[in-house]
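Quick note on labels: first sequence line is chain A, next is B, and so on, each numbered from 1. Every value quoted in this text rests on a predicted model; they were computed, and no experiment measured them.
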There are 2 protein chains.
Amino acid sequence: MRLGTRPDGTPYPEGDPYVDGCPTRHILDRIGDRWTVLVVGVLSGGTARFSELRRRVEGISQKMLTQTLRELERDGLVTRTVHAEVPVRVEYALTDAGRTLTGPLKALEEWSVQHLSGVLAARETYDDRRTA
Amino acid sequence: MRLGTRPDGTPYPEGDPYVDGCPTRHILDRIGDRWTVLVVGVLSGGTARFSELRRRVEGISQKMLTQTLRELERDGLVTRTVHAEVPVRVEYALTDAGRTLTGPLKALEEWSVQHLSGVLAARETYDDRRTA
DNA sequence: CGGCATCCTTCCAGATACTG
DNA sequence: CAGTATCTGGAAGGATGCCG
């Protein structure tokens, strides 16, 4: 089936799905960044605290992790729980809505695992031809 | 199942999937931009020529469309066919590999259609609390 | 520990002009 | 029609310092 059509198969109001009102654009704005998918990926394995996420999402800066978590929290996909201890412990977890996202992301990841070598090979071929 | 594990369930060599070698990062680098998914979406409906893509992916600039198509071609996901006519006609189409990508993307789009309203509502609630 | 505020750099996307 | 080439502004993101 064609991407960008409603579940029932009808097109979006404007007659073409690739307009600003398209829901796909909204999620792309969310998962389109480097980190969101990776953070959700770690959280799909269960609750994690800030420093744990920072370690497991290799290469993420403190700033970006905070920003990513805030956005996810804002969108109702992640909960933030502060335990009033000393030192403070903050735990993050997926909400029910957040958990439903892991399915599609998993599908995407499986695709990448299966096709990465092919993509890299195609890339090399393409580059070789341009160099030669 | 946990994101970032191999299909058979074992972890990646480094012991944690969220490292630079992770295939997920590679596709994220590809589909992570604004346009790739939308272009693939249009092409999932069949062959299209340059100007047609430009019209249907609303808001894309000529530069970005060219760039996106080049990347997709380089990765072996899209073919570019030049018809030596006057004026020139260039047609783009998904390859077999490119078509396999539409499945996962479709899943993601369906998620967005189903959850967009909830996400927007959560966002409003979050913002209201911060304002108040 | 888990942040926020600030500065600073880099990179990318848009606008514009030109071409086979 | 389907591009290429170049310039430039703005935003994303890293580094650093401070705080409850």
Polar atoms only, N or O, under 3.5 Å: list the protein pairs with nucleotides 9-15 of chain D and their distances.
residue, atom, partner, partner atom, Å
dG13(D), N7, Lys63(A), NZ, 3.0
dG14(D), OP2, Ser61(A), OG, 3.1
dG14(D), O6, Lys63(A), NZ, 2.5

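- Defined by atom type and a distance below 3.5 Å, a donor-acceptor pair is missing between the side-chain atoms of Asp128(A) and Thr125(A).
- In this structure a side-chain-to-backbone donor-acceptor pair under 3.5 Å is missing from Thr36(A) to Asp33(A).
- Around the CZ atom of Arg34(A), the shell of radius 6.0 Å holds no more than 12 heavy atoms that belong to other residues, nucleotides or ligands.
- Contact footprint of chain B on DNA chain C: nucleotides with an atom under 4.0 Å from a non-hydrogen protein atom, first to last in 5' to 3' order, dA13(C) to dA15(C).
- Taking every heavy atom of residues 70-84 of chain A and every atom of DNA chain C, pairs under 4.0 Å involve Arg70(A), Arg80(A), by number.
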- Show the numbers, then the answer: is there a side-chain contact (heavy atoms from CB on, under 4.5 Å) between Val57(B) and Leu65(B)? CA-CA 9 Å; Val57(B) 182; Leu65(B) 179 54; 5.6 Å; no
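- Taking a cutoff of 4.0 Å between a charged side-chain nitrogen and a carboxylate oxygen, Glu91(A) and Arg89(A) qualify as a salt bridge.
- Atom pair Arg49(B):CZ and dC1(D):P shows a separation of 7 Å (rounding to whole Å applied).
- Two different hydrophobic clusters hold Tyr126(A) and Leu69(B) under the rule that ILVMFWY side chains link at heavy-atom gaps under 4.5 Å.
- No donor-acceptor pair closer than 3.5 Å links the side chain of Thr68(A) to the backbone N or O of Trp35(A).
- One atom, CG of Leu69(B), and another, C1' of dA2(D), lie 11 Å apart when rounded to the nearest Å.
- The residue Gln62(B) sits close to a base: some heavy atom pair falls under 4.0 Å.
- Distance, Glu85(B) CD to dA2(D) P: 10 Å, rounded to whole Å.
- A donor-acceptor pair shorter than 3.5 Å cannot be found between the side chains of Ser112(B) and His26(A).
- Partner of Leu94(B) under the side chain to side chain contact (heavy atoms under 4.5 Å, CB included) criterion, chosen from Leu72(B), Val40(B), Val39(B), Leu77(B): Val40(B).
- By the 4.0 Å N-to-carboxylate-O rule, Arg55(A) lies too far from Glu52(A) to be salt-bridged with it.
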